[in-house]
Amino acid sequence: MPEYEDKVLHEADGIREYDNPMPGWLMAIFWGSLVFAAGYLIFYALSFGEGTMEAEYRRETERALASVQAYFDANPLVPPSAAALLAGAADPAVLQVGEARFARSCASCHGEKAEGLIGPNLTDDHWLHGGSVDQIFQSIAKGWPAKGMPPWGRALKPEELAAVASYVRSVQGSNPPNARPPEGDPVAPEPISPRS
Ligand code: HEC
């Protein structure tokens, strides 16, 4: 204590307050973080060039979209023929795959029995985007993203995509309970024709 005798600031009732210097390592961290903060601010927040977080975000988004597009270009989605989809609607093995996929990916919006929930009733003969199996397949594959119908063309395997379209065709006219009222235009269902 005697070595700091000259640095006593206050003394009260024998309790002394000293004016000791901060330890060097603590001062180094203090000044270091000030310098770092200034550099960080200039580099990330104030520079309006390529260093900004916004520019970085844009670059990464562009890169991701380009890789998605490259995948699309390399793997074009080949729609199955209407005949194959209609035949699938009479094939229990296909319908099993389609029904399982529907329960997992579609029922949350279209209802467990496709009776309609957030999304339209898929069992009636009214369609917003066309009721031919081709059009149903396209609705499923490309979605109507602006209207809340996600695109499934890349999320599902091609055979699942076809199976779910066949399944949707197969529940036409099933009249499930609590059905959502018809939306869109009436379309006569295409005849299901088993594979010969
Ligand atoms: C996040 C909710 C959601 C999910 C999940 C969803 N859909 Fe949809 N779907 C919608 C909405 C909402 C519409 C209506 C779009 C519109 O109003 O144009 C729609 C429309 C459709 C249509 C067109 C209906 C018509 O009247 O033309 C079909 C077919 C369809 N969905 C099938 C499916 C299938 C099959 C799946 C599962 C692979 C699925 N949907 C999953 C919300 C969903």
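Counting starts at 1 for both ligands and their atoms, following the listed order.
The Trp152 neighbourhood of ligand 1 comprises atoms 5 (C), 36 (C), 37 (C), 38 (C), 39 (C), 41 (C), with distances under 4.0 Å to a heavy atom of that residue. Taking every non-hydrogen atom of Lys147 and a distance limit under 4.0 Å, the qualifying atoms of ligand 1 come out as 12 (C), 15 (C), 16 (C), 17 (O), 18 (O).
Contact record, His126 with Pro182: CG-CB, 3.5 Å, taken as the closest heavy-atom pair.
Between the OG atom in Ser170 and the CG atom in Leu85 there is a gap of 12.0 Å [rounded to 0.5 Å]. Atom CD1 of Ile118 and atom CE of Met149 lie 12.0 Å apart (nearest 0.5 Å). Taken to the nearest 0.5 Å, the CZ atom of Arg180 stands 12.0 Å off from the OG1 atom of Thr123.
Under a 3.5 Å cut-off, the side chain of Glu160 and the backbone N or O of Arg101 do not form any donor-acceptor pair. Between the side chain of Arg169 and the backbone N or O of Glu190, at least one donor-acceptor pair lies under 3.5 Å.
When only non-hydrogen protein atoms are considered, atom 5 (C) of ligand 1 lies nearest to Ser105 O, 3.2 Å. Scanning the protein heavy atoms around atom 18 (O) of ligand 1, the nearest turns out to be His129 NE2, 2.5 Å. When hydrogens are left out, the protein atom nearest atom 26 (O) of ligand 1 is Leu128 N, 2.7 Å; that is the closest non-hydrogen contact.
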For this session: Could you go through the side chain to side chain contact (heavy atoms under 4.5 Å, CB included) check for Lys113 and Val171 one step at a time?
Result: CA-CA 8 Å; Lys113 302 235 169 313; Val171 297; over 6 Å; no
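The residues Glu62 and Arg58 are annotated as not salt-bridged, no charged nitrogen and carboxylate oxygen being separated by less than 4.0 angstrom.
Around atom 8 (Fe) of ligand 1, protein atoms of type N, O or S found under 2.8 Å number 2.
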